[in-house]
Participant: 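Let me begin by handing over the structure; questions about it come next.
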Amino acid sequence: DTGYVTLDSGFVNTASCSSAITYIDGDQGILRYRGYPIDQLAGKSTFLEVSYLLIYGELPTQAQLDDFTTRIQRHTLLHEDLKRFFDGFPRNAHPMPVVSSAVNALSAYYQDSLDPSDPEQVELATIRLLAKLPTIAAYAYKKSVGQPFLYPDNSLSLVENFLRMTFGFPAEPYEVDPEVAKALDMLLILHADHEQNCSTSTVRLVGSSNANLFTSISGGINALWGPLHGGANQAVLEMLDEIKAQGGDTKDFMKRVKNKEAGVKLMGFGHRVYKNYDPRAAIVKKTADQVLAKLGANDELLDIAKGLEEVALSDDYFIERKLYPNVDFYTGLIYRAMGFPTRMFTVLFALGRLPGWIAHWREMHEDPATKIGRPRQIYTGYTERNFVDLSAR
Ligand code: SDX
């Protein structure tokens, strides 16, 4: 109850902070947002409702949801000068640095919502981020394929708007596939928060200096890009493509993993907290079958993924290390079937994780007891010694 865990090595590892937002039991494979189990939210709620729940602590009434939706719709446009920001990036840039730069630039354009101590400014920054990140993400994709940007269409939902800005063209009307919108909405719910993971801790740590919300979120996007964290969904597809290119032999690949060949990991497997099946992965796997069938995507990679999972779940090497599929293992297959290129997968993760990042940042300012303290270290360097002149070295 003190939040301290004494490790075998005798070091005391403290919990990084307290929070009332998300509960995870890694051994039982339990995940709840504000007390609601993830499978109930994924099956019955929408991403905007879950965003409201994470940020304000309760599921919204219809009136609250309508007001939240309208306020967000009013801010989906980017400042015209910020739109020109994208002209300066090389077409072949990975979309993650483009997105994190554009999000950080919001601090320059919206100077009326930077003060963490002013609840009105925090609320305005919250709504602007939820509204503009889908537009920024769609523009990063359009830039990468050299196509014109589309303005948001506020008659659509947040997710439909994002899909239309991403895959639509000014020259012709674009019909959003309701099945794709529904599947993407559910995937965003599954990614919406996850306690003190690397990127959320980054948002908290940057925010703990009273840096503004935009710049704190930009830091979280950068941390998420790492292939051991959010970048894993891209790395899973690259791994499956590599296995397919080598004839689809999962057994040979698993041998290389177990031999710990340099850099060969079973991407999408293992987790710092879950030492059981990631509850999100189970939901995504079920959806993958349904969505791929609906989209008519007979994806050989899904069979390879299932083959890898089958081998891993029956192999002592993985069982002893409690390595199970995590949220990233199957999501990429669905994103690809939806038409997203692999490099956009981590941007989609950021879109989902945004409400969680915002909720943690706001919680830290509303309840300083939840603030991450300045981390100390265990010093292992030299004891004091005297300076040696250059001539004597
Ligand atoms: C996310 O924290 C969160 O909540 C993150 C996240 C979120 O929602 O925010 O859930 C999202 O980041 C999911 C994780 C995505 N990353 C990957 O899929 C990359 C592959 N996974 C590994 O890099 C690894 O599993 C980690 C980093 C995710 C977790 O590492 P752990 O649990 O701290 O385990 P470890 O690195 O200490 O390894 C323990 C053993 C080692 O073997 P030994 O040295 O004991 O012989 O397990 C092995 C590792 O070599 N191992 C793996 C492995 N992961 C761990 N071996 C092969 N493939 C893997 N994926």
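Atoms considered below: every heavy atom in the structure, side chains included; atoms not considered: hydrogens, waters and symmetry mates.
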Participant: In Å, rounded to the nearest 0.5 Å, how long is the span from CG of L301 to CG of L292?
Facilitator: 10.0 Å
Participant: If you look at every heavy atom in N326 and G270, which pair is closest and at what distance?
Facilitator: ND2-O, 2.8 Å
Participant: Is the positively charged end of R91 above the ring of F89, judged by distance under 6.0 angstrom from the centroid and angle within 45° of the axis?
Facilitator: no
Participant: Any side-chain donor paired with an acceptor under 3.5 Å for K83 and Y151?
Facilitator: yes
Participant: Do Y36 side-chain atoms and D39 backbone N/O form a donor-acceptor pair below 3.5 Å?
Facilitator: no
Participant: Using 0.5 Å steps for rounding, measure from the CG atom of L133 to the CZ atom of R128.
Facilitator: 15.0 Å
Participant: When you check the gap from the basic side-chain N to the acidic O, do D87 and K143 get nearer than 4.0 Å?
Facilitator: no
Participant: For residues Q121 and D118, is any side-chain donor paired with an opposing acceptor at under 3.5 Å?
Facilitator: yes
Participant: Quick check for you: to the nearest 0.5 Å, what is the distance between L184 atom CG and E160 atom CD?
Facilitator: 10.5 Å
Participant: We want to know whether T342 and R336 form a side-chain donor-acceptor pair, criterion being a heavy-atom distance below 3.5 angstrom.
Facilitator: no
Participant: Are L156 and L150 connected in a single hydrophobic cluster, I mean Ile/Leu/Val/Met/Phe/Trp/Tyr linked by side-chain heavy atoms less than 4.5 Å apart?
Facilitator: no
Participant: Less than 6.0 angstrom from the centroid, inside 45 degrees of the normal: does K142 satisfy that with respect to the ring of F169?
Facilitator: yes
Participant: Is the side chain of S209 donor-acceptor paired with the backbone N or O of L205 at a distance under 3.5 Å, no angle test?
Facilitator: no
Participant: Determine whether Y33 and Y23 satisfy the following criterion, ring pair (Phe, Tyr, Trp, His ring centres under 6.0 Å), listing intermediate values before the conclusion.
Facilitator: CA-CA 7 Å; Y33 295 161; Y23 172 74; over 10 Å; no
Participant: Closest heavy-atom contact between P279 and I38?
Facilitator: CB-CG2, 4.2 Å
Participant: Under 3.5 Å, is there a donor-acceptor pair between the side chain of R353 and the main chain of L188?
Facilitator: no
Participant: In plain terms, say whether D278 and R280 are close enough for a salt bridge, that is, a side-chain N and a carboxylate O under 4.0 Å apart.
Facilitator: yes
Participant: Around atom NZ of K182, are there more than 12 heavy atoms of other residues, nucleotides or ligands at under 6.0 Å?
Facilitator: no
Participant: Once you measure the plane-to-plane angle for Y335 and F340, does it fall in the parallel (<30°), tilted (30-60°) or perpendicular (>60°) bin?
Facilitator: perpendicular
Participant: Going only through I, L, V, M, F, W and Y residues with side-chain contacts under 4.5 Å, is there a path from L240 to L266?
Facilitator: yes
Participant: For G231 and T346, which heavy atoms make the closest approach, and how far apart are they?
Facilitator: CA-OG1, 3.5 Å
Participant: Are the aromatic ring centres of F149 and F86 under 6.0 angstrom apart?
Facilitator: yes
Participant: Between F318 and R321, is there a cation-pi geometry (under 6.0 Å to ring centre, at most 45° from the normal)?
Facilitator: no
Participant: Between E123 and R71, is there a salt bridge with N-O shorter than 4.0 Å?
Facilitator: yes
Participant: Could you check whether the rings of Y109 and H79 sit parallel, tilted or perpendicular, using 30° and 60° as the cut-offs?
Facilitator: tilted
Participant: With a 4.5 Å cut-off on side-chain heavy atoms, are T76 and P134 touching?
Facilitator: no
Participant: Check this for me: R74, atom CZ, are more than 12 non-hydrogen atoms of other residues, nucleotides or ligands nearer than 6.0 Å?
Facilitator: no
Participant: Side chains of R164 and D153: does their closest heavy-atom pair fall under 4.5 Å?
Facilitator: yes
Participant: Are I358 and Y56 grouped together when hydrophobic residues (ILVMFWY) are joined by side-chain heavy atoms under 4.5 angstrom apart?
Facilitator: yes
Participant: Does Q246 have more than 12 heavy atoms from other residues, nucleotides or ligands lying within 6.0 Å of its CD?
Facilitator: yes
Participant: Is there a side-chain contact between S107 and L114 in this structure, where contact means two heavy atoms from C-beta onward sitting under 4.5 Å apart?
Facilitator: yes
Participant: Under a plain distance cut-off of 3.5 Å, with no hydrogens placed, do E309 and Y277 share a side-chain donor-acceptor pair?
Facilitator: yes
Participant: Using 30° and 60° as the class boundaries, would you call the ring planes of Y52 and F68 parallel, tilted or perpendicular?
Facilitator: perpendicular
Participant: To the nearest 0.5 Å, what is the distance between OG on S201 and CD1 on I372?
Facilitator: 4.5 Å
Participant: Give the C-alpha distance, both sets of side-chain angles, the deciding distance and a yes or no for side-chain contact (heavy atoms from CB on, under 4.5 Å) between L78 and F85.
Facilitator: CA-CA 10 Å; L78 296 190; F85 210 81; over 6 Å; no
Participant: Between Q290 (side chain only) and T287 (backbone N and O only), is there a donor and an acceptor less than 3.5 Å apart?
Facilitator: no
Participant: For D185 and T46, indicate whether the former's side chain and the latter's backbone hold a donor-acceptor pair under 3.5 Å.
Facilitator: no
Participant: Is it the case that the side chain of H191 and the backbone of L187 share a donor-acceptor pair, with hydrogens and angles ignored and the cut-off at 3.5 Å?
Facilitator: yes
Participant: Main chain of F214, side chain of S218: is a donor-acceptor contact present, judged purely on distance under 3.5 Å?
Facilitator: no
Participant: Assess the pair H271 and H194: is the distance between their ring centroids shorter than 6.0 Å?
Facilitator: yes
Participant: If we only count heavy atoms from C-beta on, is the T135 to L77 side-chain gap below 4.5 Å?
Facilitator: no
Participant: If you round to the nearest 0.5 Å, how far is CD1 of I24 from CG of L31?
Facilitator: 6.0 Å
Participant: Pairing donors with acceptors under 3.5 angstrom, does anything connect the side chains of S100 and N222?
Facilitator: yes
Participant: Determine, using ring centers only, whether F269 and Y324 are less than 6.0 Å apart.
Facilitator: no
Participant: Determine the minimum heavy-atom distance between C198 and T202, stating which atoms define it.
Facilitator: O-OG1, 2.7 Å
Participant: Flag yes if more than 12 heavy atoms outside E310 fall under 6.0 Å of its CD atom; otherwise flag no.
Facilitator: no
Participant: Got a salt bridge between R272 and E195, using NZ or NE/NH1/NH2 to carboxylate O under 4.0 Å?
Facilitator: no
Participant: Does a side-chain N-to-carboxylate-O contact under 4.0 Å join K306 and D289?
Facilitator: yes
Participant: Just verifying a value: how many Å separate H229 NE2 and L224 CG, rounded to the nearest 0.5 Å?
Facilitator: 5.0 Å
Participant: Evaluate the side-chain proximity of S157 to F162: yes if any heavy-atom separation is below 4.5 Å, no if none is.
Facilitator: no
Participant: Distance alone, cut at 3.5 Å: any donor-acceptor contact between the side chains of N197 and T200?
Facilitator: yes
Participant: N233 side chain to T331 main-chain N or O, any donor-acceptor pair under 3.5 Å?
Facilitator: no
Participant: When you compare the side chains of E363 and S19, does any donor N or O come within less than 3.5 Å of an acceptor on the partner?
Facilitator: yes
Participant: Looking at N276 and D27, would you say the former's side chain and the latter's main chain have a donor-acceptor pair under 3.5 Å?
Facilitator: yes
Participant: Would you check if T22 and R32 make a side-chain contact, meaning some heavy-atom pair closer than 4.5 Å?
Facilitator: no
Participant: Determine yes or no for a side-chain-to-main-chain donor-acceptor pair under 3.5 angstrom, with K132 supplying the side chain and H75 the backbone.
Facilitator: yes
Participant: Could you verify whether a donor N or O on one side chain and an acceptor N or O on the other, from T61 and Q64, lie under 3.5 Å apart?
Facilitator: yes
Participant: Between L308 and I243, is any pair of side-chain heavy atoms under 4.5 Å apart?
Facilitator: yes
Participant: Would you say the side chains of S216 and W361 form a donor-acceptor pair under 3.5 Å?
Facilitator: yes
Participant: Looking at side-chain heavy atoms only, is the closest gap between Q234 and M267 below 4.5 Å?
Facilitator: no
Participant: Just checking, is any N or O donor in the side chain of S391 or D389 under 3.5 Å from an acceptor N or O on the other one?
Facilitator: no
Participant: Using a cut-off of 6.0 Å, state whether more than 12 heavy atoms not belonging to E175 lie near its atom CD.
Facilitator: no
